[in-house]
Amino acid sequence: MANQAWKLSAYGEISLGDLKTPIPRPGRKQALIRVHAAALNPGDVKLAHQSDRYPVKAPLGRVLGTDGAGVVEEAGPDSIWKKGDKVVMHPNKWLTGGPENQNFDEMAGSVSDGMLRRWVIWDDSRLVHAPSNISLEEASTLFAAGVTAYRALFHGGITLKAGMTVLTQGTGGISCFAIQLAKAAGMRVIATSSSDEKLEVAKNLGADATINYQKTPEWAKEARKLTGGKGVDLVVDVVGGDSVAQSIDATRFGGGIAILGQLADDITVNINTNKILGGHLTIFGQAGAGSKDMMDEFAAFLEKHKLQPQIAEVFGWEEADKALEAMKNLTKPAPNIAIVNTTKQIADLVDWLVSRHTSLVVPSTPTMYIDLEGVQLSRDGTLSILTLLVDEQTVEKQVYLIDVLSLGAKAFDTAGTKQKTMKDILQDDEIPKVFFDIRSDSDALFAHFGVKMAGVEDVQLMENATRTTTKQRRLVSGLARCIEQNIDGAKTASWKSAKEKGEKLFKSEHGGSYEVFNQRPLSAKILSYCVGDVQFLPELRNLFWSQTEACREVVDAAIAASQGANYQPRGPNRALAPWTAEENKMLDKCHGSSARLW
């Protein structure tokens, strides 16, 4: 492996190049690390652009990347490490004690070279065992985001205990860690964000209550209401500026505010200091994340509670420049998702689906698009997730991920105020529902929950029926091929990316397992994958809708067969289209004339 690095070639830009030096050798009590992953954070963007909002500057030619994880390739004399150890690099020389021991002149990725290189020599005293329950990609996120959140909660200005309330802002790295850490320690979490879909991410991580500050600009008042007027014990403020004024208003007497970020355009704020004095508040800032001791504690805590860091996107080594650009314009994965994992949420969703169906001008037009995920999805496996896209003919469609694994039969048997259940909706022939290949889905729904599907349109068969000859119709297409052949490639780039990343998690050839669909909280990649599987169904259905009637009896027969005692979920003929000789003859005749035969 060449000795390469990504260096700051111009302000805001990095370039890959060979270092033209041999791979270094470790000295006494050092180790040579092959860097496996480097995590980019907002701080790296500030460094790349020489921002005044970062305590130090990175000169041109510097290797960026504060956060990294890798594998010990060679241990030096007297080293405590051995070849093959998985480690996380602590990027500065603040090993123990308080912030007075911190020195930004020793921070990797700014005044010294960072992690965007193939190899690093690191002192034994600055290496941390990577938690065994996470990947090296996830381990690379531990310092800047993870230790910052851990320090604020457990080494900050106030002492927190189980039962106390923490308020977080947004779904960035620090906030996601803060939610997970607080919940693992038995605290209550109130999460704020700018959109309902981002708040669903927070809920999925464990947030007990959420506030959309676009809908509720005076979020401090809402936070007070959610705590019975008392206020929260700690605000994890990553925004700064005017946000700090509301953080003060949201905090209880004697509570604290951790200032951990500066996302606000204007980071100045007018504050009534009497609220701080009279409220006996502790406001503390943090820089440099934390000490090596704190990082050791945090890694052990994460492993003990089996927490999983959240990653927005993974890039290859040759794409580090694209990763930096993505960090500048970061958008969250899996937009417009609502996680449904309580009986109240199920009841509310059922009521809404029933109401909107009865209010449709053309009730026979489908607006429900469904896909299922599970481990060996069938009567012989499990059903973990029901993904429901509701198409209201708007640009942004709403996706509901019903957590069947957590809810069990309650996902289908819980009634709303109209005394209807999700099972009733799925079995109602008058409420149209669109699937792609209904067979395994119907098999699993019937076998595990007694759901007898009805009112189904199957896009797989509808597409097949549009082919002009019997020979062309012999085999059915999978969803991916159907999308690639029929949807404009300009629309499918993000879908392809989400699909590839999801498949790496569950396909055996990539070392994955379908058990990822049973892990909670669901990872961002799995959320994106689930959305990808339904997002193009409305467009595909619109392309092939003329074949709806031609396929109806065949779809009904496939559903009936999937419920039979002798049905083979993984039979050898699944790729064959189900048309009889007579049906093929009629389809051939239909395509040979301008008349429709159904």
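- Between the side chains of S243 and Q169, at least one donor-acceptor pair of N or O atoms lies under 3.5 Å.
- D113 contributes a side-chain N or O that, together with a main-chain N or O of V63, makes up a donor-acceptor pair within less than 3.5 Å.
- The backbone N or O of I339 sits less than 3.5 Å from a side-chain atom of E200, completing a donor-acceptor pair.
- The existence of a salt bridge linking D196 and K215 is confirmed by a sub-4.0 Å separation between a basic side-chain nitrogen and an acidic carboxylate oxygen.
- No side-chain heavy atom of T165 sits under 4.5 Å from any side-chain heavy atom of D208.
- Salt bridge absent: E484 and K496 never bring a charged side-chain N and a carboxylate O closer than 4.0 Å.
- Between the side chain of W219 and the backbone N or O of S193, no donor-acceptor pair lies under 3.5 Å.
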Could you walk me through whether K292 and W94 pass the side chain to side chain contact (heavy atoms under 4.5 Å, CB included) test, one step at a time?
-> CA-CA 6 Å; K292 165 65 162 47; W94 178 16; over 6 Å; no
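- With contacts defined as side-chain heavy-atom distances shorter than 4.5 Å, the pair K501/E313 qualifies.
- The OG1 atom of T21 sits 4.5 Å away from the CG atom of N3 when rounded to the nearest 0.5 Å.
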For side chain to side chain contact (heavy atoms under 4.5 Å, CB included), just list the numbers for M89 and F143, CA-CA rounded to whole Å, side-chain angles, deciding distance to a tenth of an Å, and then say yes or no.
-> CA-CA 8 Å; M89 282 71 83; F143 180 74; over 6 Å; no
Yes or no on side chain to side chain contact (heavy atoms under 4.5 Å, CB included) for I33 and V72, after CA distance, side-chain angles and deciding distance?
-> CA-CA 5 Å; I33 312 300; V72 174; 3.6 Å; yes
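- Between I121 atom CD1 and L32 atom CG the span is 4.5 Å, to the nearest 0.5 Å.
- Ion pairing between a basic and an acidic side chain is recognised when a charged N comes within 4.0 Å of a carboxylate O; K83 and E74 show no such pairing.
- Contact check for L405 versus I385: no side-chain heavy atoms found under the 4.5 Å cut-off.
- For the atom pair CG of N204 and CD1 of I526, the computed distance is 11.5 Å after rounding to the nearest 0.5 Å.
- Within a 6.0 Å radius of NZ in K322, no more than 12 heavy atoms belonging to other residues, nucleotides or ligands are found.
- With values rounded to the nearest 0.5 angstrom, L389 atom CG is found 10.0 Å from Y400 atom OH.
- Of the possible donor and acceptor atoms, one in the side chain of D44 sits under 3.5 Å from a partner among the backbone N and O of N41.
- A distance of 11.5 Å separates CG of L95 from CE of M294, quoted to the nearest 0.5 Å.
- Using a 4.5 Å heavy-atom cutoff, the side chains of K93 and R126 are in contact.
- Once rounded to the nearest 0.5 Å, the distance linking CD1 of I134 with CG of L307 reads 9.5 Å.
- Residues T96 and D293 have side chains that bring a donor and an acceptor to within less than 3.5 angstrom of each other.
- A donor-acceptor contact shorter than 3.5 Å links the side chain of D67 to the backbone of A144.
- Between the side chain of R28 and the main chain of D78, no donor-acceptor pair closer than 3.5 Å is present.
- A salt bridge is absent between D124 and K29; no separation between the charged side-chain nitrogens and carboxylate oxygens falls under 4.0 Å.
- Not one N or O on the side chain of Q180 forms a donor-acceptor pair closer than 3.5 Å with the backbone of G206.
- Within 6.0 Å of NZ in K86 there are 12 or fewer heavy atoms belonging to other residues, nucleotides or ligands.
- Residues W317 and R118 meet the side-chain proximity criterion, which asks for heavy atoms closer than 4.5 Å.
- For CG of D18, the number of neighbouring non-hydrogen atoms (other residues, nucleotides, ligands) closer than 6.0 Å is greater than 12.
- Annotation for K504: atom NZ does not count as buried by contact number, only 12 or fewer foreign heavy atoms lying within 6.0 Å.
- Under the 4.5 Å side-chain criterion, counting only non-hydrogen atoms from C-beta, F436 is not in contact with F536.
- Annotation: side chain of L234 is not in contact with side chain of M187 (no heavy-atom distance under 4.5 Å).
- When the shell of 6.0 Å around CZ of R520 is examined, it contains more than 12 heavy atoms from other residues, nucleotides or ligands.
- Side-chain contact check for E297 and H155: at least one donor-acceptor pair (N or O, by modelled atom type) lies under 3.5 Å.
- At distances below 3.5 Å, at least one donor-acceptor pair connects side-chain atoms of S140 with backbone N or O atoms of E137.
- The shortest side-chain heavy-atom distance between S523 and E138 does not fall under the 4.5 Å cut-off.
- Ring geometry, Y514 versus F506: the interplanar angle falls from 30° to 60°, so the pair is classed tilted.
- Counting heavy atoms of neighbouring residues, nucleotides and ligands inside a 6.0 Å radius, atom NZ of K7 does not exceed 12 of them.
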Under the side chain to side chain contact (heavy atoms under 4.5 Å, CB included) criterion, do S132 and E303 qualify, and how do the steps go?
-> CA-CA 7 Å; S132 61; E303 187 169 35; 2.3 Å; yes
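- At distances below 3.5 Å, not a single donor-acceptor pair connects side-chain atoms of D242 with backbone N or O atoms of V269.
- Donor-acceptor pairing under 3.5 Å is recorded for the side chains of S247 and D237.
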